[in-house]
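For the numbers below, each heavy atom of this structure counts, side chains included, while hydrogens, waters and symmetry mates do not.
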Protein chains: 2
Amino acid sequence: MKKGSNSVKIDGIDKKILRHLMKDARTPILEIARSIGISGAAIHQRLRKLESSGLLSGSKFVINPRVLGYSTLAYIGIYLDRAMSNPQAVKALEKVPEVLECHYTTGNWSILIKVLCRDNEHLMQLLNKKIQAIEGVSRTETFISLDQQIDRQISL
Amino acid sequence: MKKGSNSVKIDGIDKKILRHLMKDARTPILEIARSIGISGAAIHQRLRKLESSGLLSGSKFVINPRVLGYSTLAYIGIYLDRAMSNPQAVKALEKVPEVLECHYTTGNWSILIKVLCRDNEHLMQLLNKKIQAIEGVSRTETFISLDQQIDRQISL
DNA sequence: TGTGAAAAAGATTCGGC
DNA sequence: GCCGAATCTTTTTCACA
């Protein structure tokens, strides 16, 4: 199977393995092996295959930003003057550490971004001094996440 | 330090360790140790402390949904009839596997959700048959992500 | 907090089925 | 595709600075 192919087939055992690792990337393979009744070597083989299929794009430690004093999460819809501004705007947004995601979107805005700030004050500074300062940005609409109830990956 | 405390201080070594693990949760501790010139035991100690501080909320395998045929990512703003509908609506959304995130937000909508579908057809079915069918949902606004240029965590 | 060394556990390879 | 055994690496613990 070529890397990045979009016709990967996974069976029930693959799903079980992945479900374990999606919850905790450091789950020992041997522990998974014991829990699903297969040898560690077999799981190792399957993981190698899943990896080369491009389905596994890596693993991440998840840190809780709240503990570092970052508790304001928001989405910002951005209107750009000209479509031409897009690539430059994205380049500028990449340099803003508070920006976690950036999407070109259909609909009202040119761009939708997700930002993480310490508090509302920080968010206001971010909007006024950094986002609005980007060339091409004409207007923004901000949606603060008061509470996030769901946060998960694709279900297998 | 209590679990979940919001006054955790981390030093440069902690940051180096976390930066490694945020990129790849399975990086061996000893490899990190070699790269930053400290013993593996010391890193182990620091990780235990960071964990009990609540800063580390786990680790995840990241899978590439595109390889499974899921290539349409969208945000949907949802208007609810009455504020009272919120908890029930969230409960209903939890049962919809396509919903990856769900936020109570300030602004126009009651709720903003992120969904992952195979294609636009699937997204349309999702909207018509599942989202609109939820009690309390009066109207929705959909923003399809044509391209995601930035996807990252808080920068340390 | 850190270290080095020892012990325990896990990852990886490989021949064989 | 899977297994088991052998080997190598990593994790974890602990006494000590």
Open item on the list: Holding to ring pair (Phe, Tyr, Trp, His ring centres under 6.0 Å), I want the full list of residues that pass it with B:F61, two or more places apart in sequence or in another chain.
Closed with: none
- [ ] Walk along DNA chain D from 5' to 3' and tell me the first and last nucleotide with an atom closer than 4.0 Å to a non-hydrogen atom of chain B.
- [x] D:dT10 to D:dT13
Donor-acceptor pairs are to be reported for all side-chain atoms of residues 23-38 of chain B against protein atoms at under 3.5 Å, with residues two or more places apart or in another chain.
{"unit_1": "B:D24", "atom_1": "OD1", "unit_2": "A:S59", "atom_2": "OG", "d": "3.0"}
{"unit_1": "B:D24", "atom_1": "OD1", "unit_2": "B:R26", "atom_2": "N", "d": "2.9"}
{"unit_1": "B:R26", "atom_1": "NH1", "unit_2": "A:A25", "atom_2": "O", "d": "2.6"}
{"unit_1": "B:T27", "atom_1": "OG1", "unit_2": "B:D24", "atom_2": "O", "d": "2.6"}
{"unit_1": "B:S35", "atom_1": "OG", "unit_2": "B:H20", "atom_2": "NE2", "d": "3.2"}
{"unit_1": "B:S35", "atom_1": "OG", "unit_2": "B:I32", "atom_2": "O", "d": "3.4"}

Open item on the list: If hydrophobic residues (ILVMFWY) are linked whenever their side-chain heavy atoms come closer than 4.5 Å, directly or via other members, who joins B:M124 in its cluster?
Closed with: none
- [ ] With a 4.0 Å heavy-atom cut-off, tell me which residues in residues 16-31 of chain A come close to DNA chain C, sorted by residue number.
- [x] A:P28, A:I29, A:L30
Open item on the list: The criterion is side-chain contact (heavy atoms from CB on, under 4.5 Å); which residues satisfy it with A:K60, sequence neighbours excluded?
Closed with: B:V62, B:Q153
- [ ] Could you check B:H44 against A:D11 and say which one's nearest nucleotide on DNA chain D is further toward the 5' end?
- [x] A:D11
TODO: Could you pull out all residues at least two apart from A:D14 that satisfy side-chain contact (heavy atoms from CB on, under 4.5 Å)?
DONE: A:I10, A:D11, A:R46, A:L50
Open item on the list: Quick check on the hydrophobic clustering: are B:I154 and A:V115 connected, directly or via other members, by side-chain heavy-atom contacts under 4.5 Å?
Closed with: no
Task: A:S39: side-chain contact (heavy atoms from CB on, under 4.5 Å) partners, not counting sequence neighbours - done: A:A41, A:A42
Heteroatom pairs (N/O) under 3.5 angstrom, protein to nucleotides 3-6 of chain C:
{"unit_1": "C:dT3", "atom_1": "OP2", "unit_2": "B:S39", "atom_2": "N", "d": "2.8"}
{"unit_1": "C:dT3", "atom_1": "OP2", "unit_2": "B:S39", "atom_2": "OG", "d": "2.6"}

Task: Summary of salt bridge (Lys or Arg N to Asp or Glu O under 4.0 Å) pairs that have at least one residue in residues 134-152 of chain A, sequence neighbours excluded - done: A:R139-A:E141
TODO: Just jot down the salt bridge (Lys or Arg N to Asp or Glu O under 4.0 Å) partners of B:K114, sequence neighbours excluded, or say none.
DONE: A:E101, B:E101
Open item on the list: Per the ring-ring contact (aromatic ring centres under 6.0 Å, His included) rule, what does the pair list look like for residues 116-156 of chain B, sequence neighbours excluded?
Closed with: A:W109-B:F143, B:W109-B:F143
- [ ] Pick base, sugar-phosphate or nothing for B:R48, based on heavy-atom distances below 4.0 Å to the nucleic acid.
- [x] nothing
